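As structure tokens, the structure follows; a few thoughts come after it.
These numbers come from a predicted model, not from an experiment.
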Amino acid sequence: VQLQASGGGLVQAGGSLRLSCVVSGRTFSSVYMGWFRQAPGKEREFVAEISWSGVSTYYLDSVKGRFTISRDNARNTGYLQMNSLKPEDTAVYYCAADRRYSSGRYEYQYWGQGTQVTVSS
């Protein structure tokens with residue numbers, strides 16, 4: 001299974017970016033998909049996730065109302081639309097697929113390589 005994330009870049013505060021994640025080697029339409037981020041010197045944190053059908057979505061509180069997660073199962077692709085970006089959104093963003101419950105917690109099985117998002121003030 002491979003995940004290829006793209007769409008990162010440098011943007012001014014208040015700007016927008018759309019991240020994409022193409023999944024291959026797995027039945028994408030049957031799995032949850034998520035986005036995570038890791039800022040320099042900080043631990044990786046959950047940003048958003050979407051159910052296999054796209055009906056259910058979940059967000060980190062600080063991105064609610066600004067970020068939108070979506071998916072196109074026909075294209076095996078997930079998206080993260082990021083609007084009203086802030087400098088504190090600067091991080092490497094990772095996509096992940098296939099959430100499973102194990103040892104009392106949910107974990108994603110497959111991860112992309114990450115794409116850098118830098119928001120200047």
Side-chain angles (χ1 to χ4, degrees):
V1 179
Q2 291 188 326
L3 283 72
Q4 182 70 41
S6 62
L10 173 63
V11 64
Q12 289 188 332
S16 298
L17 284 173
R18 188 176 81 154
L19 306 183
S20 299
C21 179
V22 180
V23 180
S24 60
R26 182 68 168 86
T27 304
F28 177 69
S29 60
S30 65
V31 300
Y32 267 68
M33 187 202 155
W35 289 93
F36 294 73
R37 67 186 181 187
Q38 186 167 19
K42 295 187 177 181
E43 292 187 353
R44 186 172 62 192
E45 67 175 353
F46 165 84
V47 175
E49 68 180 5
I50 186 167
S51 62
W52 64 271
S53 66
V55 170
S56 299
T57 57
Y58 308 93
Y59 296 92
L60 177 69
D61 283 347
S62 62
V63 308
K64 286 180 180 177
R66 299 189 298 121
F67 291 10
T68 303
I69 190 170
S70 62
R71 64 192 295 161
D72 183 343
N73 288 341
R75 297 177 182 270
N76 280 6
T77 303
Y79 304 97
L80 185 67
Q81 177 67 44
M82 305 185 295
N83 299 329
S84 302
L85 282 161
K86 304 175 180 180
E88 51 263 44
D89 295 318
T90 295
V92 177
Y93 283 71
Y94 298 90
C95 60
D98 197 1
R99 189 189 76 171
R100 300 187 186 183
Y101 188 77
S102 176
S103 301
R105 57 185 288 179
Y106 285 104
E107 294 182 343
Y108 277 86
Q109 303 302 302
Y110 306 105
W111 294 82
Q113 84 288 2
T115 184
Q116 177 71 46
V117 172
T118 303
V119 184
S120 62
S121 57

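- Other residues, nucleotides and ligands contribute at most 12 non-hydrogen atoms within 6.0 Å of the CD atom of Gln2.
- In this structure, Leu85 is a member of the same hydrophobic cluster as Leu80, with clusters built from ILVMFWY side-chain heavy atoms closer than 4.5 Å.
- In plain terms, the two heavy atoms of Ser29 and Arg71 that are nearest each other are CA-NH2, 4.1 Å.
- Across Val23 and Leu3, no two heavy atoms sit closer than the pair CG2-CG, 3.9 Å.
- Ser6 and Gln4 share no side-chain donor-acceptor pair at under 3.5 Å.
- The hydrophobic clustering, which links ILVMFWY residues whose side-chain heavy atoms are closer than 4.5 Å, places Phe67 and Tyr94 apart.
- By the 4.5 Å heavy-atom criterion applied to side chains, Asn73 and Phe28 are counted as neighbours.
- Hydrophobic cluster membership differs between Trp52 and Trp111, with clusters built from Ile, Leu, Val, Met, Phe, Trp and Tyr side chains linked at under 4.5 angstrom.
- We find the NZ-OG distance between Lys86 and Ser62 to be 7.5 Å, quoted to the nearest 0.5 Å.
- The closest side-chain heavy-atom distance from Tyr59 to Ile50 is not below 4.5 Å.
- Judged as a side chain to side chain donor-acceptor pair (under 3.5 Å), the pairs with a partner in residues 31-41 (not counting sequence neighbours) are, in order, Arg37-Glu45, Arg37-Asp89, Arg37-Tyr93.
- Annotation: the span from Ile69 atom CD1 to Ser56 atom OG amounts to 11.5 Å, rounded to 0.5 Å.
- Sorted by first and then second residue, the side chain to side chain donor-acceptor pair (under 3.5 Å) pairs with a member in residues 75-84 read Ser16-Asn83, Asp72-Arg75, Gln81-Asn83; sequence neighbours excluded.
- Taking the six-membered ring where the residue is Trp, the centroids of Phe46 and Tyr58 are separated by 6.0 Å or more.
- Side-chain contact check for Val117 versus Leu19: some heavy-atom pair is nearer than 4.5 Å.
- Using a 4.5 Å cut-off between side-chain heavy atoms of Ile, Leu, Val, Met, Phe, Trp and Tyr, with links allowed through other members, Tyr108 and Val31 fall into different hydrophobic clusters.
- Among residue pairs with one or both ends in residues 104-120, those qualifying as salt bridge (charged side-chain N to carboxylate O under 4.0 Å, His left out) are Arg105-Glu107; sequence neighbours excluded.
- Shown here for Ser121 and Ala13, the closest heavy-atom pair between the two residues is CA-CB, 4.4 Å.
- Nearest heavy atoms, Cys95 versus Met33: CB-CE, 4.0 Å.
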